[in-house]
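Only one structure is covered here, and it is reproduced in the block below.
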Protein chains: 2
Amino acid sequence: MERDVATLCCPPVTAGVLGEDDAAELAALFKVLADPARLRLLSMVAAADAGEACACDLVEPVGRSQPTVSHHLGLLVEAGLLEREKRGKWAWYRVVPDRLAALREALGPVPAGPR
Amino acid sequence: MERDVATLCCPPVTAGVLGEDDAAELAALFKVLADPARLRLLSMVAAADAGEACACDLVEPVGRSQPTVSHHLGLLVEAGLLEREKRGKWAWYRVVPDRLAALREALGPVPAGPR
DNA sequence: CTTACATATTGACAAGTGTCGATGTGATGG
DNA sequence: CCATCACATCGACACTTGTCAATATGTAAG
């Protein structure tokens, strides 16, 4: 069984020097976002009608083969960025907003907090 | 000359479906963050005393060879996340906060605005 | 059961990437 | 000049990764 990325996450980058382990964990998360196909899939699910999208509706617009799309969706789920629910023969995906927020905070503290 | 990543950046992921080109550009940026050594270097420069750090002080703590560190710093500069200034025989690096902020916003709109 | 369909898994391969040793480039100091 | 130091570039190599065709798994319909 390989390293599970989806557990916790994200000591902020701008505050303090990251240790090798924290850095590796964060890097693994960014690696999931470091692919055009995955970013497009993520945005497609985020823009879907009821907040969820069927895999069957993602294959054609993303312009990759069905196995490739399934592979990318699997990585996004493993990283905790998407949730999968199987209904009948279809697989439905939703974004996990908290996970995205955590990633965002890892890039620095809140932008401009009122004091 | 290859694709320069440091020009503009970042149509947000959560609003609308990304096109292949925008996705590729964003992915290229995330790819730079998708490495433990680079994340550590970034955090080290961010945590440096006067807001800048000499490359000579980064090699040992990051635990990689000098050429490897130079390579990673070069990628961070090319991505616009760091600025380099040569003074004498030393190279000094500063973070580019706007660039980090842009990346953060690409992960979604502002977290939770007071209504 | 059989067929059809949606999705996941496997195997294979080309391309990309992190790493280091060796070497190149410039600046500083004798 | 010549030696030294800081940094960048080059060449090579092991390892990772995105991709697809083929196949397996599982569900629904007849």
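Every chain is numbered from 1, with letters handed out A, B, ... down the list of sequences. As the structure is a prediction and not an experimental result, all values here were calculated from the model.
Between the base of C/dA8 and the side chain of A/Q66 there is a donor-acceptor pair shorter than 3.5 Å.
Checked against D/dC7, D/dT9, D/dT27, the side chain of B/C54 finds its nearest nucleotide in D/dC7. With distances taken from any side-chain atom of A/L75 to the nucleotides D/dG18, D/dA21, D/dA6, the minimum falls on D/dG18. Comparing D/dA6, D/dG18, D/dT27 by their nearest atom to the side chain of A/D35 picks out D/dG18. For B/Y93, the side-chain atoms get nearest to D/dA8 when compared with the rest of D/dA8, D/dT27, C/dT7. Of all nucleotides listed (C/dC20, C/dC5, C/dA8), C/dA8 comes nearest to the side chain of A/S70.
When the P atom of D/dA28 is taken as reference, atom CZ of A/R87 falls 12 Å away, rounded to whole Å. B/K86 has its NZ atom 12 Å from the P atom of D/dA6, to the nearest Å. D/dT19 atom C1' lies 14 Å from atom CG of A/L41, rounded to whole Å. Atom CD of A/E85 and atom P of C/dA6 are 19 Å apart (whole Å). Between B/R64 atom CZ and C/dG21 atom P the separation is 14 Å, expressed in whole Å. Atom CG in B/L73 sits roughly 12 Å away from atom P in D/dT9 (whole-Å rounding). Per the geometry, CZ belonging to B/R40 stands 16 Å off P belonging to C/dG18, to the nearest Å. For the pair B/E20 CD and D/dG18 P, the computed distance is 13 Å after rounding to whole Å.
Considering all non-hydrogen atoms of both residues, A/P61 and A/M44 come closest at CB-CE, 3.3 Å.
Both A/K31 and B/T68 lie close to DNA chain D; mapped to their nearest nucleotides by heavy-atom distance, the more 5′-ward contact belongs to B/T68. Nearest-nucleotide mapping onto DNA chain D: of A/H72 and A/G88, the residue sitting toward the 5' end is A/H72.
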Side chain to side chain contact (heavy atoms under 4.5 Å, CB included) evaluation trace for A/V95 with A/L81: CA-CA 6 Å; A/V95 303; A/L81 293 164; over 6 Å; no

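Between A/E78 and A/R84 there is no salt bridge, since none of the side-chain N atoms of the basic residue sits less than 4.0 Å from a carboxylate O of the acidic one.
Using a 4.0 Å heavy-atom cutoff across all strands shown, A/H71 reaches at least one base atom of the nucleic acid. Residue-level contact check: B/R38 touches the backbone only, with heavy atoms under 4.0 Å from sugar-phosphate atoms and none from bases. Across all strands shown, A/R84 has heavy atoms under 4.0 Å from sugar-phosphate atoms exclusively, and none from any base.
Of the possible polar contacts, one joining the B/R38 side chain to the B/K31 backbone as a donor-acceptor pair under 3.5 Å is found.
The side chain to side chain contact (heavy atoms under 4.5 Å, CB included) with B/F30 is formed by just one residue from the set A/L39, A/L103, A/D35; it is A/L39.
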